Amino acid sequence: MKRDPFTAAMLAMPLVLLVLLGAVVPLGALLTQSVVETEVRPALPRTAAALRHWDGAGLPDDGAFEALAVDLAALRAAGAPGAALMARAAARLSADLPGMDETLSNTATRTAETRAVRAVSVLVADPAWSEPESWAVLRQAGGDASGFYLLAALGLRRTASGGFEGSPHAAEARAALAGGIGAAALATIGCLILAWPLARWIAEAPPARAALLAAAAALPLLAGEGARATGWSVIAAGPLAFILALVLGLLPLMALPIAISLRHAGTRLPRAAAALGARPWLVFRRVYLPLARRGVVAGCALVFTQALGVLALPSALLGEGGLAATNLAAAARAGHWAEAGALAAWLLLPALLAGLLAAALLRPRRGAPA
């Protein structure tokens, strides 16, 4: 009996809504935070509005100077909440141009002490305001959105001239990202090497024994990452222990898909090739690997994407020098959602690439059985 397409769509609708509400919406909200500027404009709204009309050539007009003086006076009059807003704005500006935190603080103090015209009081309060670079940084940070946090996650920042340069924390940012992606790649390779004999053992075993072996292979997943991290921290620590714990914990995600592919293909072709005199390496390369291709691709994609997001293992075995995923969790706990969103974006990119590559490799070849 052929099912009505409308009925099929309605049956699938709850699952689609669950995916949207449980994954797409939260992830989209987090990624949006990585490009939204939220530090400078709440503190200096008039200045940000005045700089929208500045073309970036030379210094802005007197209206921008006066707006900055009014905003700083309002922050001082607001007391503790105003001081908190100014501290956030100063930290954001100094990340783009070192020294801007002192410039903003000095300007707020000196403009309140002078009786000169507001535009003049800002100009004489700190010589930095006679440089177009200071205003360019203020305009960029006071906009609606920018790529500041995405660049910062890569250890980069924009210059006033529109180019790029390394940020003060470039080495740490790049080491965290490279370490996370590199660890995921090493875990994938390690899992592939160790999973192959285990997968063959499961695939070639009788049904009852194969079920027991598959259940035993899945035990590391049932233990959970937190329990595995705690156990490994008692035995050893350091990068080698971290990679080993990562490989052994994710091994089922590699072994089980390969075992399913090999069991589905059967053992007749490898045995026939061996009976005809093919060497073991040739049987492995020309027979086993093509038969297990789908399982290998699926296992590599699963292990790589899961390894990118591990949190407990690096915290327990690597100490304070965390990877990108642990930095993301720390930023989220501290409420730094823009930083967390930027790290999530760069971690999501290799995961998406791995998924797209897996989809391309799993596509049935022309003339091959599905």
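Small disclaimer: the values here were computed from a predicted structure and weren't measured. Note: hydrogens, waters and symmetry copies are ignored here, and every other heavy atom, side chains too, is used. For the single chain, residues carry numbers from 1 onward in sequence order.
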Original post:
Between Leu97 and Leu93, is any pair of side-chain heavy atoms under 4.5 Å apart?
Top reply: no
Original post:
Between Tyr288 and Arg200, does a side chain to side chain contact (heavy atoms under 4.5 Å, CB included) hold up when you go through it step by step?
Top reply: CA-CA 10 Å; Tyr288 273 118; Arg200 280 196 57 186; 2.9 Å; yes
Original post:
So do the side chains of Pro60 and Leu51 get within less than 4.5 Å of each other, counting heavy atoms only?
Top reply: yes
Original post:
Looking at side-chain heavy atoms only, is the closest gap between Leu72 and Met86 below 4.5 Å?
Top reply: yes
Subject >> Members sharing Leu356's hydrophobic cluster (side chains within less than 4.5 Å) >> reply: none
**OP:** Could you list the residues that satisfy salt bridge (charged side-chain N to carboxylate O under 4.0 Å, His left out) with Arg41, not counting sequence neighbours?
**Re:** Asp144
Mind listing the side-chain donor-acceptor pairs of residues 173-183 below 3.5 Å, one per line with the distance, residues two or more places apart or on another chain?
{"from": "Arg174", "atom 1": "NE", "to": "Leu154", "atom 2": "O", "distance (Å)": "2.9"}
{"from": "Arg174", "atom 1": "NH2", "to": "Gly155", "atom 2": "O", "distance (Å)": "3.2"}

Original post:
Taking the side chain as C-beta and beyond, is there a heavy-atom pair between Leu244 and Leu240 under 4.5 Å?
Top reply: no
Subject >> Partners passing side-chain hydrogen bond (donor to acceptor under 3.5 Å, both in side chains) against Ser94 (at least two apart in sequence or in another chain) >> reply: none
Original post:
Checking side chain to side chain contact (heavy atoms under 4.5 Å, CB included) for the pair Ile258/Met254: CA distance, chi angles, key distance, verdict?
Top reply: CA-CA 7 Å; Ile258 296 176; Met254 182 73 75; 3.9 Å; yes
Subject >> For Leu352, the rest of its hydrophobic cluster, which grows through side-chain links under 4.5 angstrom >> reply: Leu27, Leu31, Leu348
**OP:** Please name all residues satisfying side-chain hydrogen bond (donor to acceptor under 3.5 Å, both in side chains) with Asp96, sequence neighbours left out, ordered by chain then number.
**Re:** Arg92
**OP:** Taking salt bridge (charged side-chain N to carboxylate O under 4.0 Å, His left out) as the test, write out the residues that go with Glu339, two or more places apart.
**Re:** none
**OP:** Taking salt bridge (charged side-chain N to carboxylate O under 4.0 Å, His left out) as the test, write out the residues that go with Glu102, two or more places apart.
**Re:** none
Original post:
Yes or no on side chain to side chain contact (heavy atoms under 4.5 Å, CB included) for Arg139 and Trp54, after CA distance, side-chain angles and deciding distance?
Top reply: CA-CA 9 Å; Arg139 181 181 65 170; Trp54 178 45; 4.1 Å; yes
**OP:** For residues Ala344 and Leu30, report the shortest heavy-atom separation together with the two atoms involved.
**Re:** CB-CD2, 3.8 Å
Subject >> Glu37 and Ser146 side chains, donor-acceptor separation under 3.5 Å >> reply: yes
**OP:** Using a 4.5 Å cut-off on heavy atoms from C-beta on, say whether the side chain of Ser134 contacts that of Met100.
**Re:** yes
Original post:
Hey, would you say the Trp129 and Trp135 ring centroids sit under 6.0 Å apart?
Top reply: yes
Original post:
Can you name the salt bridge (charged side-chain N to carboxylate O under 4.0 Å, His left out) partners of Arg263, sequence neighbours left out?
Top reply: none
**OP:** Sorted by first residue and then second, give each ring-ring contact (aromatic ring centres under 6.0 Å, His included) pair with at least one member in residues 190-213; sequence neighbours left out.
**Re:** Trp196-Phe284
Original post:
Are any non-hydrogen side-chain atoms of Leu250 and Leu302 less than 4.5 angstrom apart?
Top reply: no
Original post:
For Gln306 and Leu253, what are the C-alpha separation, side-chain angles and deciding distance, and is it a side chain to side chain contact (heavy atoms under 4.5 Å, CB included)?
Top reply: CA-CA 9 Å; Gln306 289 297 309; Leu253 297 179; 3.7 Å; yes
**OP:** Please examine the side chains of Pro350 and Leu308, heavy atoms only from C-beta on, and report whether any two atoms are closer than 4.5 Å.
**Re:** yes
Original post:
Any ring-ring contact (aromatic ring centres under 6.0 Å, His included) pairs touching residues 234-263, not counting sequence neighbours?
Top reply: none
Without placing hydrogens or testing angles, list every side-chain donor-acceptor pair under 3.5 Å for residues 184-191, not counting sequence neighbours.
{"from": "Thr188", "atom 1": "OG1", "to": "Ala184", "atom 2": "O", "distance (Å)": "2.7"}

Original post:
At their closest point, which heavy atom of Leu248 faces which heavy atom of Pro252, and how far apart are they?
Top reply: O-CD, 4.1 Å
